[in-house]
Structures are given as structure tokens and as C-alpha cells.
Amino acid sequence: MLSLYCGDANRRKRGATLRTILLLTTVCIAAAGPASAQSRLPVRVDWAAARQDLQRDRAALRAENQQFRAGGALQSELDKVRLPVLIINRGPVRAAPEFRQQGVSYVAAYQLPRATLSILGSATALDLPSGARSNRTESAYDEYIFTGVQDEEEDDVANLSFSRYGASYVLRLACERPEDQRCREPGFLRSVAAGLANVGGRP
Amino acid sequence: MKRMAKLAVAVFGVMPVALVAQDARFRPSGEIPPAQGNGVRQSAVLYPDMRFPIEIGPAYANSQVYSTGGQYGPPGGQCAVTNYSYPWRDNFCEKRGHANPLCRTGRGHQGQDIRPRSCSANMYWTVAAEDGVIAQIGTFSVTLQGKSGAIYRYLHLNMKNLAVRRLDAVQKGQRIGQVSDTFKPGVPTTRHLHFEIIDAIRVGDKIIPTFVPPYSSLVAAYKKLPPEQQ
């Protein structure tokens, strides 16, 4: 009887242990879930500064850009964009863009002599997990980051990226000829960036 | 009982990681042979809804310069069986001269090389990773701005037979261009898709648009293809 009782006690212990293991397994697998889905978050746009510049820039818009803004359909498109819409208003490019908006992003595209230029704006950003984060501090990043089409680069498009009003912008210049200096040196795209005007967008 | 419980916690606490870990077809992100670069391991799927950028599988992600037939790879042709086999390998931070702030040295590759189903040019279609707009067409690349704001780039396409034009709206999975080996005049490359993502990341209080590691997101997207295409 004693041995039977002890045997029963051991079985009860094993049963409890198995239940514990099963419970923990369930909890662990549930907690693991799919590979971690990283959050994409809206950026914090400085709308006060953007509105101030909008007022200033509106008064100084070139004729082609005034025409661009004047169209009723375009104004409704601009109102759907959740970041300040920057287009070219000074410098080497004199043309109005073709425009596509996607709510939190937009493209303004220009046809230039022997090249095409696109402005890509975005109102969202990634919060990278700690293992993927840059090991550089924010002070290590230039205000404007340029990559050209030099021989050692893999790209066929020159790129100038920057942040303004808390949103991110990328200028992309595709030149027909790889030796075109506009795509090899940062000067052209920097002058484009310096001549951008705010023409709309809303929180 | 308590001892067993503790043991169970220890064992099963790591089991989910082990279970997820290693599908032998995919080496871990950031695992780059020391002579080929200095990888950064990150397993987070940054783009969980991304469509795999080649229309049909199987496909093989590996270096085009350090694999067989590559500029720094073992001798042989680009069509070597080893190049069209598993396992996949991340080559985002492989040793290159290109600016790449998320790599330890600040330089590396800027995307992921992916070979299509077979060693043929102009046969396999690349497709939109996300709903978006075709923002730019270069001499050997197409740039897609996703609706989210992420920028996807497809390099080395057959530019004579693109399925899109600049400023076209595209849906996720829609054809863009065929995998090929176009590049700068006089510069050879293999038949592969160089796929990269430019996105805004937070660094302290700043927002920095830069290249982000696509490998883990590509693995997750690839696993969504029909089983017979993997």
C-alpha cells in the first residue's frame, strides 16, 4: 500500500510537471509570434515652421509654380499630403513638376535637358531595433547626404537626402550620360535643395 | 517540481527562438564571411507586408561579387550550380566602397543581390514590393516610392522591356522589369536583381533617409510564395 501510495504521489508530481511544461511551452510560443514586425511611425512635422515658410514662399512663387498651384484639382491633392510639399522655385530648374501624392508620401517629377529629377517626400520613419540601429550619433550625419554615379558606385542615379520640418526628402537625378557632372558632383542637387519652396500639405 | 519548472522555463524560453531560427535555406542576417565584410545581425522584419520582389521563385540571395564567377569569387561562371542553390546569404554589409551608415565601417553594399530561378537574363519579372508610384527610371534601374514612404530600388533590369513608366501608379505584385545584367557602359555584372530600400530612420532626434537592411524582410516575403516556388 505504501509503495502504491508513493507511486501515486510520483505520478501526481510528474503530471504537475508536465502540465507546467505544457503551459510554459504554450506561453512561450504565443509570445514568440511571427518575427518581430517593426513599427513605422509618423514623423513629428514642424507645421508651425512649415506654415510660416508657406506664407513666405507663396508670395515669391515663380509663374510656372503659381500656375501649378492654381489648379483646383491640384489644391485638393496637396491637401491630402501629410507633410510639407516642397517643389523647386529657385535655381537651375525652371519648370513645374508632375505631381503624385500618396497621403504620407509624394513624388514631384521634372523633365530636364538630358536628365529627369524627382523629389520624394515622406512623413513616416522607422524606429529600428537596437541591433540594427546606426552606431553613429546624430551629429555624425551631414545635413545633406549625397551619393553620385562615380565609377565606383553601383548606382545610375544621383541622390541627395535631407530632412526638413521633421519630414524626410530625397532628390533623385537620373542623367542620360554617366559623365554628366550634375550626377557626379553634389553642387547641382544642393542648389536644387536650396531653391525648394513649400506649396502645401496639411497635418 | 520547482526544479523541473525552472528547467522547463530555461529550455522552453529559448525554444521559440530555436524553432524560428534556422530554416537551413537561409543563413542568419548579417552572417558574412570575415574576408567579405563585416555584417550587422538584425532579424527584425522591417517590412512585414512586403511582396517578394521577383514574381516567381525559387530565387537565390547571395553575393554576386564574392560568389563563383564574381569579381572576387572562386573561379567559374556565374551560372555555377552553387550560385543557384540554397542557402541564402545576406550581403548588405559586404565589403564594398559604397556609403552605408548602418554597416559598422560606414561602407558596404547598399542592398541585397538576388539571382532568379535560373541563370537567364530577361526572363524573370521583378514586381512591386508595395503599392506605390514609379518615381524614377534610370539607365539600369527603376525606383518605386511605396505608399508608406519607403523607397524600393530595382537595379540591373532589362531597360528595353519595362512594364512601367515614370509616375505610373502600381499595385503590390505588379510587374516592373525583367532581371538582367545591365550596368554602366563597359562594366560587367552578373544576371541578378540588386534590390535595395531607402527609408527614413530615427537617429536620436534626427530623421535620416538612408539604406536599410532588407534581408530579413526578403526572407519573410519569400516564405509567403507558394511552396512549389521555394
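Reminder, nothing fancy here: chain letters follow the sequence lines and each chain counts from 1.
Among all heavy-atom pairs drawn from Ser148(B) and Ser122(A), the shortest one is O-OG, 4.1 Å. Closest approach of Ser105(A) and Lys147(B) over heavy atoms only: OG-O, 3.4 Å. In terms of heavy-atom proximity, Thr116(A) sits nearest to Gln136(B) at OG1-OE1, 2.7 Å. When every heavy atom of Tyr47(B) is checked against every heavy atom of Arg40(A), the shortest pair comes out as CE2-NH2, 3.3 Å. The two residues Gly138(B) and Val157(A) come nearest to each other via the heavy atoms CA-CG2, 4.2 Å. Between Arg172(A) and Ile198(B), the shortest heavy-atom contact is NH1-CD1, 4.0 Å.
A side-chain donor-acceptor contact under 3.5 Å links Lys184(B) to the backbone of Val149(A). A donor-acceptor contact shorter than 3.5 Å links the side chain of Gln102(A) to the backbone of Gln145(B). Thr139(B) places no side-chain N or O within 3.5 Å of a backbone atom of Asp156(A) that could act as its donor or acceptor partner. Although no hydrogens or angles enter the test, the distance criterion places a donor-acceptor pair under 3.5 Å between the side chain of Ser118(A) and the main chain of Ala135(B). Side chain of Arg202(B) to backbone of Asp127(A): no donor-acceptor contact under 3.5 angstrom is found.
If you tally non-hydrogen atom pairs under 4.5 Å between each of Gly146(B), Gly30(B), Ser216(B) and chain A, the highest count goes to Gly146(B). Contact count against chain A (heavy-atom pairs under 4.5 Å) is highest for Arg153(B) among Arg153(B), His194(B), Glu196(B). Residue with the most contacts toward chain B among Asn159(A), Leu117(A), Ile119(A): Leu117(A) (heavy-atom pairs, distance under 4.5 Å).
Of the two parts of Asp49(B), neither the backbone nor the side chain holds a non-hydrogen atom closer than 4.5 Å to a non-hydrogen atom of chain A. Gln101(A) does not touch chain B: none of its heavy atoms, backbone or side chain, sits under 4.5 Å away. With a 4.5 angstrom heavy-atom cutoff, Phe146(A) does not touch chain B via any of its atoms. The contact between Leu155(B) and chain A is made entirely by side chain atoms (from C-beta outward), counting heavy-atom distances below 4.5 Å. Looking at Leu41(A), both its backbone and its side chain come within 4.5 Å of chain B, counting heavy atoms on both sides. Interface remark: Thr189(B) contributes no atoms to any contact with chain A (heavy atom separation under 4.5 Å). Within the 4.5 angstrom heavy-atom criterion, atoms from both the backbone and the side chain of Gln111(A) approach chain B. Neither the backbone nor the side chain of Leu83(A) has a heavy atom closer than 4.5 Å to any heavy atom of chain B.
Around CD of Glu31(B), the count of heavy atoms belonging to other residues, nucleotides or ligands within 6.0 Å exceeds 12. Within a 6.0 Å sphere centred on CZ of Arg56(A), heavy atoms belonging to other residues, nucleotides or ligands number more than 12. By the 6.0 Å contact criterion, CZ on Arg25(B) is enclosed, its count of non-hydrogen atoms from other residues, nucleotides or ligands being greater than 12. Few gaps surround CD on Gln181(A); more than 12 heavy atoms of other groups in view lie less than 6.0 Å from it.
Considering CZ of Arg100(A) and CG of Leu167(B), their distance stands at 4.5 Å, rounded to 0.5 Å. Between the OG atom in Ser161(A) and the CD1 atom in Ile151(B) there is a gap of 8.5 Å [rounded to 0.5 Å].
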Kindly determine whether Asp205(B) and Arg44(A) satisfy salt bridge (charged side-chain N to carboxylate O under 4.0 Å, His left out), including the steps that lead there.
-> CA-CA 10 Å; Asp205(B) 289 334; Arg44(A) 203 167 282 174; over 6 Å; no

